[in-house]
Each structure stands twice: as C-alpha cells, then as structure tokens.
**Q** 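Provided herewith is a single structure, encoded as structure tokens, for subsequent inquiry.
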Amino acid sequence: VVSWNAIIAGYAQHGYGEEAYEFFQQMQQEGMKPNVVSWNAMIAGYARHGHGEKAFELFWEMERMNVKPNKFTITSILKVSASLAALEEGKRVHAHIIKSGFDLDLSVGSALVVMYSKCGSIEDARQVFDNMRIRDAVLWNAMISGYAQHGCAEEAFKLFQQMQKEGVKPDVVSWNVMIAGYVQHGRGEEALELFRVMQQEGMKPDSVTFISILKGCACLAALEEGKWVHAHISGTLLESNLSVGTALVDMYSKLGSLEDARAVFNKMPKQDVVSWNAMIAGYAMHGHVKEALKLFQQMQWEGVKPNVVSWNTLIAGYAQHGHEKEALELFRQMQQEGVKPDVVSWTAIIAGYAQHGRCDEALELFSQMQQKGLKPDVVSWTAIISGYVQHAQSEEALNMFQQMQWEGIKPS
RNA sequence: AGCCCGUUCGCUGA
C-alpha cells in the first residue's frame with residue numbers, strides 16, 4: 001500500500017489526476033484497500049489543481065467506504081470549500097466533523113475559520129473561533145483576516161490588540177493580514193501607518209508585507225511613498241525576490257513612472273510571465289501600444305510563453321486607446337496560438353467598442369461571447385451599459401440594466 | 001507514504 005501511495009501521490013501532486021486515479025483503482029483491483037493516506041493524496045491532488053468537485057466526490061466516497069478521515073483530509077477538503085466559496089458543502093463537512101467526534105485541534109479550527117470567512121459567513125467563523133479553547137497565532141490570524149477581508153477593519157484591529165493582551169505575540173503574518181486588509185479596502189494611509197509601526201516594534205517586513213504595501217502605494221497614487229518603500233527593499237535579499245520585483249514594476253507602471261519600472265525590471269535576476277505582464281501593462285495602459293507589443297515579442301524571444309493575461313493586457317491596451325481593429329486582430333491571434341479568451345478578454349474588446357461609440361458592434365460581441373458559453377460578469381455588463389449611457393442611448397442602457405438583473409447579476 | 005500542518009502575497013477588463 002505504501003508503494004502504491006507513493007505513486008498516486010506523485011501523479012496527483014503534479015496535476016495528473018487521471019493517472020493517479022487509475023492507479024488508485026488499479027490498487028483496489030489487485031485486492032489492496034486504499035488507506036487514509038491514499039485517499040488524502042487523491043483529494044489533495046484534486047484540490048491543488050482546481051478540481052474541487054472531484055475532491056468532494058472522493059471525500060464522500062471515502063466516507064461511504066468507511067475510511068476515517070484524519071486532519072489532513074479535513075483541512076484539505078475545507079480548503080476546497082473555502083476556495084470555491086461553497087458554504088453548503090463546507091457546512092456539511094463541519095457537521096460531519098462534529099458528528100464523528102473528530103478532535104477540533106488548532107489546524108482544523110483554523111481551517112474552519114478560514115472556510116467560513118471565505119464563504120462569507122463571518123458569524124460562523126467567529127463562533128468556531130470563540131469555541132476554541134486554545135488559540136495560537138495562526139488561529140488569531142485566520143480570524144483577523146476574516147474581518148479584514150470583509151472590510152471590518154475596526155473589529156480586525158480590536159482582535160489584533162486582544163491577541164496581544166492574551167499573550168499571543170503577533171507574527172509577521174498578523175501584521176501582513178492587517179496591512180492587506182487596509183489595502184484591499186482602499187485605506188492605504190492606515191496601511192502605511194501600520195507598516196511604520198510594525199518596524200518600530202521590531203518586526204521585520206517580509207516579501208508579503210512589501211507586496212501589499214506597494215499595492216497600497218499604487219492605489220493611493222503615492223509615488224513618493226512608493227519610492228520610499230523601494231528604498232527599504234534596496235540592498236536587502238528581497239531585492240532579488242521575483243514577486244517583490246514584480247510588485248515594484250507594477251507599482252511604477254500603474255503610477256506612470258515607466259522609466260523606474262523598466263529599471264527595476266531590467267535589474268531583476270530573472271523574469272517570469274507575471275513580471276513581463278506587469279511591464280507590458282505599464283506601456284499598454286498608458287497608450288504606448290507599440291512599445292507594449294515590442295516587449296510582448298521580446299518576451300517570447302526570451303522563451304517566456306504569453307499566457308491569457310499577457311494577451312488580455314495587450315488587447316486592453318489597444319482597445320482602450322482607439323485601436324479596436326488591432327485589438328480584434330490580437331484576439332484572433334491568441335486563439336490561433338491556442339490560448340482561450342476568457343471573460344476578461346471579451347470584456348476588454350467589448351469595452352473598447354462601447355467606449356468609442358460603436359455600441360452595435362459591442363452588443364454583437366456580447367452575444368457572441370455568450371454563444372461561446374462564457375457568462376458575462378458585472379464588469380462586462382457595466383462596460384456595455386456605460387457605453388450606451390455615454391452615447392446618449394439611455395433606453396438601451398436601462399434595458400440592459402434590467403436584463404442584467406434578470407440574469408441574477410447584482411450591480412456593483 | 002500524504003511537499004514545507006492551518007492564516008497573509010505579484011500581472012489583465014467597466
């Protein structure tokens with residue numbers, strides 16, 4: 001069984017769910033009964049590669065076959081519920097945990113708190129949190145993060161202080177959670193303030209801290225602060241961190257400081273598709289589409305394959321700046337290259353047409369997108385509605401607005 | 001035998 005498990009785990013971890021499953025079945029044909037480790041390997045494999053439904057199926061099947069889950073099983077299945085925001089499934093798992101008398105240890109407790117808050121039920125998360133007898137930093141962080149992500153900055157801060165009163169020292173994640181919460185809700189000032197305090201208190205920022213805080217600077221359009229943060233990074237090991245480098249490029253790009261962005265980009269020890277995309281976006285968003293295209297080609301010469309975001313970035317750049325035709329051409333090219341347009345690609349083109357008064361064409365694309373089986377989201381709808389509004393076609397705008405709600409999409 | 005248990009993190013559309 002151990003050897004079978006090793007094989008299954010190997011395939012499952014690397015996204016070969018089918019192959020793993022074949023071995024999983026084969027071992028049963030050969031008269032071996034998968035144990036909890038075999039099941040966990042399968043479930044975790046599916047979970048990691050975005051096949052949440054399959055993970056759930058296996059979880060309940062495991063139940064039926066009377067194999068007792070352990071805490072690895074429980075935490076990975078709760079993670080799936082969290083990432084799918086599947087509250088009902090998550091509750092079923094929770095109920096099952098209680099029913100089977102499973103020990104609610106810290107890791108399961110934290111996973112439950114995360115599951116409930118990612119599923120939007122902060123009250124349930126709090127209840128789990130309150131019922132835990134022992135609380136470590138991870139559990140506190142999970143709860144604080146729940147509030148912070150929901151925009152309840154005050155409650156998050158209260159807990160942040162309370163954890164310290166109860167003798168649990170905030171770790172770097174606690175600070176990061178607080179900072180990210182402020183940034184995500186447009187409260188960059190407070191994020192920067194916490195960033196200062198954390199250093200006064202002797203806590204060293206890590207890559208995540210810097211990434212969040214740089215995003216905050218970009219949102220605040222605070223170039224000076226961004227440069228100040230950059231200065232903190234320079235000369236440290238983080239300077240050669242890929243994600244930090246990308247966050248710097250992104251910050252400078254968004255603030256239109258393309259020379260700085262380019263300088264950071266060129267100094268990075270290596271670039272991946274995300275850093276290329278950030279750099280390309282800098283040019284594309286500011287209307288330098290030729291330069292963006294040049295980089296796009298250069299990226300490929302250097303052996304980096306454009307992903308759907310790369311294409312979307314270019315398309316959006318062209319579409320926003322009055323080059324709908326070229327955008328459409330790129331849209332065709334991306335499909336030839338085997339990259340499937342997603343809702344963002346379609347919306348970028350639709351928005352381009354709509355903004356420039358070509359609402360009929362936008363509408364045509366809008367229905368084509370649905371024929372292809374893609375469901376417009378609130379951004380797609382808003383793009384087309386605001387096109388009508390801007391071009392004094394209020395009746396059509398109102399019409400679309402109603403249709404959107406019939407489709408069950410809430411205005412934002 | 002189930003990667004570092006569970007919490008935070010980089011690129012694109014209105």
Side-chain angles (χ1 to χ4, degrees), chain A residues 1-10 12-13 35-45 48 70-76 78-79 105-114 117 136-146 148-149 171-181 206-212 214-215 241-251 253 272-282 284-285 307-317 319-320 342-352 354-355 377-387 412:
Chain A
V1 176
V2 172
S3 344
W4 283 99
N5 286 350
I7 294 173
I8 293 170
Q13 265 171 39
N35 63 10
V36 62
V37 176
S38 337
W39 287 94
N40 287 354
M42 285 302 308
I43 293 174
R48 257 162 62 113
N70 61 16
K71 70 174 180 178
F72 290 101
T73 328
I74 301 290
T75 49
S76 61
L78 285 173
K79 246 183 164 172
D105 75 351
L106 280 168
S107 63
V108 174
S110 309
L112 277 169
V113 169
V114 173
S117 47
D136 67 354
V138 174
L139 181 66
W140 280 99
N141 293 347
M143 192 65 242
I144 294 173
S145 170
Q149 305 288 329
D171 58 13
V172 68
V173 176
S174 323
W175 289 95
N176 290 347
V177 165
M178 289 296 304
I179 291 175
D206 67 1
S207 60
V208 177
T209 324
F210 283 113
I211 292 163
S212 289
L214 287 168
K215 191 188 241 180
N241 178 298
L242 184 58
S243 304
V244 172
T246 304
L248 278 167
V249 171
D250 181 48
M251 184 269 296
S253 285
D272 68 357
V273 65
V274 179
S275 20
W276 278 99
N277 291 348
M279 192 63 244
I280 293 172
M285 284 184 314
N307 61 13
V308 64
V309 176
S310 326
W311 286 99
N312 291 351
T313 305
L314 264 192
I315 291 172
Q320 279 165 14
D342 60 11
V343 177
V344 177
S345 335
W346 284 94
T347 306
I349 298 223
I350 292 170
Q355 276 162 18
D377 63 10
V378 64
V379 180
S380 330
W381 283 97
T382 311
I384 202 149
I385 293 170
S386 59
S412 61

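All chains are named by letter (A, B, ...) in the order of the sequence lines, taking the proteins before the strands, and each is independently numbered beginning at 1.
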**Q** If I take atom CG in residue A/Leu314 and atom P in nucleotide B/G13, what distance separates them, rounded to the nearest angstrom?
**A**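 Spelled out: CG on A/Leu314 to P on B/G13 is 12 Å.
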
**Q** Using a 4.0 Å heavy-atom cut-off, does A/Asn70 contact any base of the nucleic acid, only the sugar-phosphate backbone, or nothing at all?
**A** base

**Q** Round to a whole Å and report the spacing from CG of A/Asn141 to P of B/U8.
**A** 9 Å

**Q** From the set B/A1, B/C11, B/C9, return the single nucleotide nearest to any side-chain atom of A/Val208.
**A** B/C9

**Q** Would A/Asn176 and A/Asn141 count as having a side-chain donor-acceptor pair, cut-off 3.5 Å?
**A**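 The criterion, which ignores hydrogens and geometry beyond distance, is not satisfied for A/Asn141 and A/Asn176.
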
**Q** Classify the side chain of A/Asp136 and the base of B/G6 as holding, or not holding, a donor-acceptor pair under 3.5 Å.
**A** yes

**Q** Please classify the nucleic acid contact of A/Asp342 as base, sugar-phosphate, or nothing, using heavy-atom distances under 4.0 Å.
**A** nothing

**Q** Under 4.0 Å between any heavy atoms, over every strand shown, what does A/Ser145 touch: base, sugar-phosphate, or nothing? Just pick one.
**A** sugar-phosphate

**Q** Could you state the CG-C1' distance from A/Asp206 to B/G10, rounded to the nearest angstrom?
**A** 13 Å

**Q** What's the CD-P distance between A/Gln355 and B/G13, to the nearest Å?
**A**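 A/Gln355 atom CD is separated from B/G13 atom P by 11 Å.
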
**Q** Ignoring hydrogens and geometry beyond distance, is the side chain of A/Asn277 in donor-acceptor contact with the base of B/G10 at under 3.5 Å?
**A**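 No.
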
**Q** What contact category does A/Thr246 fall into here, base, sugar-phosphate, or nothing, at under 4.0 angstrom with non-hydrogen atoms?
**A**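 The answer is base, as A/Thr246 lies within the cut-off (heavy atoms under 4.0 Å) of a base atom.
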
**Q** Could you please name the option among B/U7, B/A14, B/A1 that lies closest to any side-chain atom of A/Ala142?
**A** B/U7

**Q** Nearest 0.5 angstrom please: A/Ser380 OG to A/Trp346 CH2, how far?
**A**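 Between atom OG of A/Ser380 and atom CH2 of A/Trp346 there are 11.0 Å.
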
**Q** How would you label the contact of A/Val114 with the nucleic acid (heavy atoms, under 4.0 Å): base, sugar-phosphate, or nothing?
**A** sugar-phosphate

**Q** At 4.0 Å (heavy atoms only), tell me whether A/Val1 reaches a base, stays on the sugar-phosphate, or touches nothing.
**A** nothing

**Q** Between A/Lys79 (NZ) and B/C4 (P), how many Å, whole number?
**A** 11 Å

**Q** Please pick, from B/A1, B/C5, B/G13, the nucleotide with the shortest atom-to-atom distance to any side-chain atom of A/Thr75.
**A** B/C5

**Q** What is the distance from CD1 of A/Ile385 to C1' of B/A14, rounded to the nearest Å?
**A** 10 Å

**Q** Would you say the side-chain atoms of A/Asn70 and A/Thr73 include a donor-acceptor pair closer than 3.5 Å?
**A**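 Yes, because at least one side-chain N or O of A/Asn70 sits under 3.5 Å from a partner of the opposite role on A/Thr73.
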
**Q** Per the atom types in the model, does the base of B/G10 pair as donor or acceptor with the side chain of A/Asp272 at under 3.5 Å?
**A**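 Donor-acceptor pair under 3.5 Å: yes.
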
**Q** Kindly write out the residues that satisfy salt bridge (Lys or Arg N to Asp or Glu O under 4.0 Å) with A/Lys79, not counting sequence neighbours, or none if the list is empty.
**A**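 Once residues adjacent in sequence are excluded, A/Lys79 has no partner under the salt bridge (Lys or Arg N to Asp or Glu O under 4.0 Å) criterion.
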
**Q** Rounded to whole Å, how long is the line connecting atom CH2 of A/Trp39 with atom C1' of B/A1?
**A** 17 Å

**Q** Under 4.0 angstrom, heavy atoms only, what part of the nucleic acid is A/Val177 near: base, sugar-phosphate, or nothing?
**A** sugar-phosphate

**Q** How would you label the contact of A/Ser380 with the nucleic acid (heavy atoms, under 4.0 Å): base, sugar-phosphate, or nothing?
**A** base

**Q** Give a yes or no on whether a donor-acceptor pair under 3.5 Å exists between the nucleobase atoms of B/G6, that is its base, and the side chain of A/Ser107.
**A** no

**Q** Give me the atom names and distance for the closest heavy-atom approach of A/Lys71 to A/Val108.
**A**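 Smallest interatomic distance, heavy atoms only, reads CB-CG2, 3.9 Å.
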
**Q** State whether the side chain of A/Asn277 and the backbone N or O of A/Val273 hold a donor-acceptor pair below 3.5 Å, judged by distance alone.
**A** yes

**Q** Reckon A/Ser412 touches a base, only the sugar-phosphate, or nothing at all at heavy-atom distances under 4.0 Å?
**A**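 Here A/Ser412 touches the bases of the nucleic acid.
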
**Q** Would you say B/A14 has OP1 or OP2 under 4.0 Å from some side-chain N or O of A/Gln320?
**A**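 Checking A/Gln320 against B/A14: at least one side-chain N or O falls below 4.0 Å of OP1 or OP2.
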
**Q** Rounded to the Å, how far apart are A/Leu242 CG and B/C11 P?
**A**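 So the CG-P distance, A/Leu242 to B/C11, works out to 12 Å.
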
**Q** Report yes if at least one side-chain N or O of A/Lys71 is closer than 4.0 Å to OP1 or OP2 of B/C5; otherwise report no.
**A**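 False: A/Lys71 side-chain N/O out of range (4.0 Å or more) of B/C5 OP1/OP2.
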
**Q** Given B/A1, B/U8, B/G6, which nucleotide is nearest the side-chain atoms of A/Val173?
**A**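 Closest of the options to the side chain of A/Val173: B/U8.
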
**Q** Which of these nucleotides, B/G6, B/C11, B/G13, is closest to any side-chain atom of A/Val138?
**A**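 Out of B/G6, B/C11, B/G13, the nucleotide with an atom closest to A/Val138's side chain is B/G6.
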
**Q** Using the test side chain to side chain contact (heavy atoms under 4.5 Å, CB included), find all partners of A/Ala247 that sit at least two apart in sequence or belong to another chain.
**A**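 A/Ala247 satisfies side chain to side chain contact (heavy atoms under 4.5 Å, CB included) with A/Ile211, A/Leu214 once adjacent residues are dropped.
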
